[in-house]
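This report concerns only the one structure given below.
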There are 2 protein chains.
Amino acid sequence: MEKKTENKLGAIRLSPQRRLILEEVMGTKKHPTADVIYRNVKHKLPNISLGTVYRNLESLSENGYIQRIDTGTGPRRYDGDTRPHAHIRCTSCDSLEDLPEKNLLEKFLLRELKTDYYIQEVIIEIRGLCPECQQSDIPEDIRQNPLQVEP
Amino acid sequence: MEKKTENKLGAIRLSPQRRLILEEVMGTKKHPTADVIYRNVKHKLPNISLGTVYRNLESLSENGYIQRIDTGTGPRRYDGDTRPHAHIRCTSCDSLEDLPEKNLLEKFLLRELKTDYYIQEVIIEIRGLCPECQQSDIPEDIRQNPLQVEP
DNA sequence: AAACTTAATAGTAATCATTACTAGAAACTT
DNA sequence: AAGTTTCTAGTAATGATTACTATTAAGTTT
Ligand SMILES: [Mn+2]
Ligand SMILES: [Mn+2]
Ligand SMILES: [Zn+2]
Ligand SMILES: [Zn+2]
């Protein structure tokens with residue numbers, strides 16, 4: 001007979017650590033890094049180790065509960081939203097947000113794509129300056145030119 | 001009066017090392033990593049150091065002669081083609097190729113994009129299995145599902 | 001419930017890619 | 001020729017991630 005336990009998450013166990021990490025990733029739209037998650041989660045579970053955070057981010061994403069974001073520079077980031085969607089990253093403050101346009105992938109890319117690859121994932125990352133960073137920060141002469149579309 | 005020297009590349013000098021690295025990146029479509037470039041270039045210039053390779057890949061890309069590819073997993077890759085274009089990566093053998101569709105970015109993405117970011121770069125990476133890896137390699141049960149477009 | 005088996009953890013060590021540093025060489029400027 | 005700047009080889013340091021190890025917790029079988 002099957003044990004009545006609430007501590008199961010599909011194929012894997014839901015330890016307190018794993019639950020907390022999952023909640024942390026699900027509960028923000030900021031696409032945090034392992035390190036950020038570690039620091040936040042440590043408030044509630046002071047003995048948790050960074051290795052545990054990495055291990056669980058790995059198992060959670062392998063089992064489809066969260067998404068790894070392997071784009072761009074800097075440390076890897078994680079996303080509680082597992083639906084395929086594109087991101088926009090600020091090249092100055094390195095913030096990472098969802099693109100407002102949903103289904104960008106399906107709408108444009110996949111239909112047009114002719115390839116003999118067996119396609120598993122489409123990654124789209126836009127890079128630029130967020131509104132805040134446009135104002136204050138970067139001198140014109142070291143600022144990259146914006147991309148233009150010919151009319 | 002200005003010295004007549006062939007060893008200039010815009011703002012930077014064209015040392016033998018830098019020239020060789022540039023030729024190496026320009027001369028392949030394989031999007032090599034710093035390490036691969038280092039090994040290849042070492043045949044002609046056995047004393048070159050890995051640090052020199054990194055430093056020059058940096059200066060060459062900063063000055064717009066080559067392109068850094070900061071997408072995906074694993075070590076950074078470089079591209080002699082500086083035009084914006086999308087790539088497709090095999091999740092099994094990790095090969096990285098240009099997508100046959102050119103101007104994918106301009107055609108689809110930029111026109112549709114409504115954002116208050118100052119856009120500098122659009123990165124598109126498709127991931128999947130290359131034709132070779134589809135055949136032999138990966139057991140069905142660990143193979144990711146392909147992406148589908150609803151009709 | 002006791003014994004067994006498996007999964008998960010904290011803590012730490014190891015690895016890998018990249019960056020930083022340093023002293024010397026080469027190129028350019030005066 | 002002397003001075004200034006850029007570049008180099010070699011090596012050290014860093015930062016993110018992965019691997020390892022001994023221990024604990026959970027689940028299973030008897
Ligand atoms: Mn997201
Ligand atoms: Mn390319
Ligand atoms: Zn910003
Ligand atoms: Zn392949």
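As the structure is a computational prediction, the values presented were derived from the model and not from experiment. So you know, we letter chains A, B, ... as the sequences are listed, proteins then strands, and number each from 1. All heavy atoms count here, side chains included; hydrogens, waters and symmetry mates do not.
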[X]: which residues meet the side-chain hydrogen bond (donor to acceptor under 3.5 Å, both in side chains) condition with it, sequence neighbours left out?
X         : answer
Tyr117(A) : Glu97(B)
Thr33(A)  : none
Glu125(A) : Arg89(A)

Nearest whole angstrom, please: distance from the [atom2] of [N] to the [atom1] of [X].
X        : N       : atom1 : atom2 : answer
Tyr78(A) : dA16(D) : OH    : P     : 12 Å
Arg19(A) : dT9(C)  : CZ    : P     : 13 Å
Ile21(B) : dA9(D)  : CD1   : P     : 8 Å
Asp70(B) : dA17(C) : CG    : P     : 15 Å
Ile37(B) : dT18(C) : CD1   : P     : 10 Å
Tyr38(B) : dT11(D) : OH    : P     : 11 Å
Leu20(A) : dA10(C) : CG    : P     : 11 Å
Leu14(A) : dA8(C)  : CG    : P     : 10 Å

Handout entry: Donor-acceptor pair between Gln120(A) and Thr91(B) side chains, under 3.5 angstrom
Key = yes
Exercise for the section: Please check if any side-chain donor atom of Ser15(B) sits under 3.5 Å from a side-chain acceptor atom of Arg18(B), or the reverse. Expected result: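 Short answer, no.
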Problem - Under 4.5 Å side-chain linkage, directly or through intermediates, the cluster mates of Ile69(A) - result: Leu96(A)
Handout entry: Transitive ILVMFWY cluster of Val36(A), excluding itself - 4.5 Å side-chain cut-off
Key =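 None; Val36(A) is a cluster of one.
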Look at [X] and [N] and indicate whether a side-chain polar atom (N or O) is within less than 4.0 Å of OP1 or OP2.
X        : N       : value
Ser15(B) : dT6(D)  : no
Arg13(A) : dA25(D) : no
Gln17(B) : dA9(D)  : yes
Arg76(B) : dT19(C) : yes

Practice task
Just grab all the salt bridge (charged side-chain N to carboxylate O under 4.0 Å, His left out) pairs involving residues 37-50 of chain B, residues at least two apart or on different chains.
Solution key: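 Residue pairs with at least one partner in residues 37-50 of chain B: Asp35(B)-Arg39(B).
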Handout entry: Of all pairs that satisfy salt bridge (charged side-chain N to carboxylate O under 4.0 Å, His left out), the ones with a partner from residues 70-82 of chain B, not counting sequence neighbours
Key =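 The answer is Arg127(A)-Asp70(B), Arg68(B)-Asp70(B), Asp70(B)-Arg76(B), Arg77(B)-Asp94(B), Asp81(B)-Arg83(B).
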Exercise for the section: Tell me whether Ile48(B) is reachable from Ile37(B) by hopping between hydrophobic residues (I, L, V, M, F, W, Y) whose side-chain heavy atoms are closer than 4.5 Å. Expected result: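 In one cluster with Ile37(B): Ile48(B), yes.
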Exercise for the section: Using heavy atoms and a sub-4.0 Å distance, could you list which residues of residues 40-50 of chain B are near DNA chain D? By number, please. Expected result: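 When residues 40-50 of chain B is checked for heavy atoms under 4.0 Å from DNA chain D, the hits, listed by number, are Asn47(B), Ile48(B), Ser49(B).
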Exercise for the section: Could you identify which residues of residues 53-67 of chain B place a heavy atom less than 4.0 Å from some atom of DNA chain D, listed by residue number, or say none? Expected result: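 Those residues are Arg55(B), Asn56(B).
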Practice task
Compute the bend angle of the helix from dA1(C)-dT30(D) to dT30(C)-dA1(D) from the end axes (five pairs per end), rounded to 10°.
Solution key: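 End-to-end axis angle for the helix from dA1(C)-dT30(D) to dT30(C)-dA1(D): 20°, rounded to 10°.
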Practice task
Only counting residues at least two apart or in another chain, list the ones meeting ring-ring contact (aromatic ring centres under 6.0 Å, His included) with His87(A).
Solution key: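 Counting only residues at least two positions away or on another chain, His87(A) forms a ring-ring contact (aromatic ring centres under 6.0 Å, His included) with His31(A), His85(A).
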Exercise for the section: Name the residue closer to the 5' end of DNA chain C, choosing between Pro16(B) and Pro75(B) according to the nucleotide with the nearest heavy atom. Expected result: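 Nearer the 5' end of the strand: Pro75(B).
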Problem - Arg18(B) vs Arg68(A), nearer the 5' end of DNA chain D by closest nucleotide - result: Arg18(B)
Exercise for the section: Taking salt bridge (Lys or Arg N to Asp or Glu O under 4.0 Å) as the test, write out the residues that go with Glu23(B), two or more places apart. Expected result: Arg19(B)
